[in-house]
Amino acid sequence: MLLRALFASLTLLLPAALPAQTAPAKADAPSAYAAGPETAKPDRSFRDTTGYRHPALSRTQRDLQNLAYALQLRDYCADDRVPDEFVKAQLVSFSRITGRLETCRTLLAY
């Protein structure tokens, strides 16, 4: 029974695969690679999200991670036992993540 099903599957797939492999390429048609810079940018209007009520999940995840990091840094800023050099290094690292200059005062925005 299994052999019969396998043979039937191959019989159905073989005629569909042969024309795709044996189609000759036209000599006068430019290839997709030769078109290179002449190709226009694709129309991305179908990805318009201006009416969306909620942002993408990745943005929400990033915001939550930044919030957790900011809360930890706020704790470092408030604790006098944490060395200033360490706090400054952590603020520089967080600034690279957020793309803005972070200080202990700017962490209040989170």
Side-chain angles (χ1 to χ4, degrees):
M1 182 70 175
L2 182 64
L3 186 61
R4 185 181 299 169
L6 181 64
F7 181 71
S9 297
L10 286 176
T11 306
L12 292 173
L13 290 176
L14 191 61
L18 283 178
Q21 292 177 356
T22 59
K26 295 181 180 178
D28 58 343
S31 69
Y33 298 109
E38 296 175 9
T39 58
K41 290 186 178 182
D43 179 27
R44 297 188 47 98
S45 62
F46 69 95
R47 297 212 40 179
D48 182 22
T49 60
T50 54
Y52 280 20
R53 185 177 203 169
H54 302 288
L57 290 177
S58 60
R59 181 175 172 198
T60 303
Q61 180 182 6
R62 182 178 59 240
D63 289 345
L64 288 174
Q65 288 174 342
N66 288 346
L67 173 66
Y69 198 5
L71 290 176
Q72 185 178 21
L73 289 176
R74 285 173 63 178
D75 191 43
Y76 290 158
C77 289
D79 192 353
D80 290 333
R81 296 175 294 171
V82 178
D84 290 342
E85 296 80 28
F86 178 76
V87 174
K88 288 178 184 178
Q90 294 301 311
L91 287 170
V92 167
S93 175
F94 190 52
S95 294
R96 281 194 304 263
I97 293 171
T98 61
R100 65 180 202 167
L101 181 62
E102 299 289 351
T103 63
C104 289
R105 192 80 179 147
T106 61
L107 296 176
L108 294 173
Y110 292 94

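The figures here come from the full heavy-atom set of this structure, side chains too, leaving out hydrogens, waters and symmetry mates. Bear in mind that the values here come from a model prediction, so they are computed numbers and not experimental data. Throughout, residue positions are numbered sequentially from 1 according to the sequence presented.
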Is there a path from Leu67 to Leu73 through hydrophobic residues (I, L, V, M, F, W, Y) whose side chains come within less than 4.5 Å of each other? yes

Is Ile97 reachable from Val87 through a run of hydrophobic residues whose side-chain heavy atoms are each under 4.5 Å from the next? yes

Nearest 0.5 Å, please: how far is CZ in Arg105 from CZ in Arg74? 10.5 Å

Look at atom CG of Leu108 and say whether more than 12 heavy atoms of other residues, nucleotides or ligands are closer to it than 6.0 Å. yes

Go through the steps for Asp75 and Gln72 under the test side chain to side chain contact (heavy atoms under 4.5 Å, CB included), then give the verdict. CA-CA 5 Å; Asp75 191 43; Gln72 185 178 21; 5.7 Å; no

Less than 4.5 Å apart, any side-chain heavy atom of Leu64 and any of Gln61? no

Applying side chain to side chain donor-acceptor pair (under 3.5 Å) to Arg100 and not counting sequence neighbours gives Glu102

Inter- and intrachain pairs under disulfide bond (SG atoms under 2.5 Å apart), touching residues 78-110, at least two apart: Cys77-Cys104

Assess the pair Phe94 and Tyr76: is the distance between their ring centroids shorter than 6.0 Å? no

Give a yes or no answer on whether the side chain of Ser95 reaches the backbone of Leu91 with a donor-acceptor pair at less than 3.5 Å. yes

Mind checking whether Leu71 and Val82 sit in one hydrophobic cluster, side chains of I, L, V, M, F, W, Y counted as touching below 4.5 Å? yes

Under 4.5 Å between any side-chain heavy atoms of Thr98 and Asn66, yes or no? yes

Flag yes if more than 12 heavy atoms outside Asp79 fall under 6.0 Å of its CG atom; otherwise flag no. yes

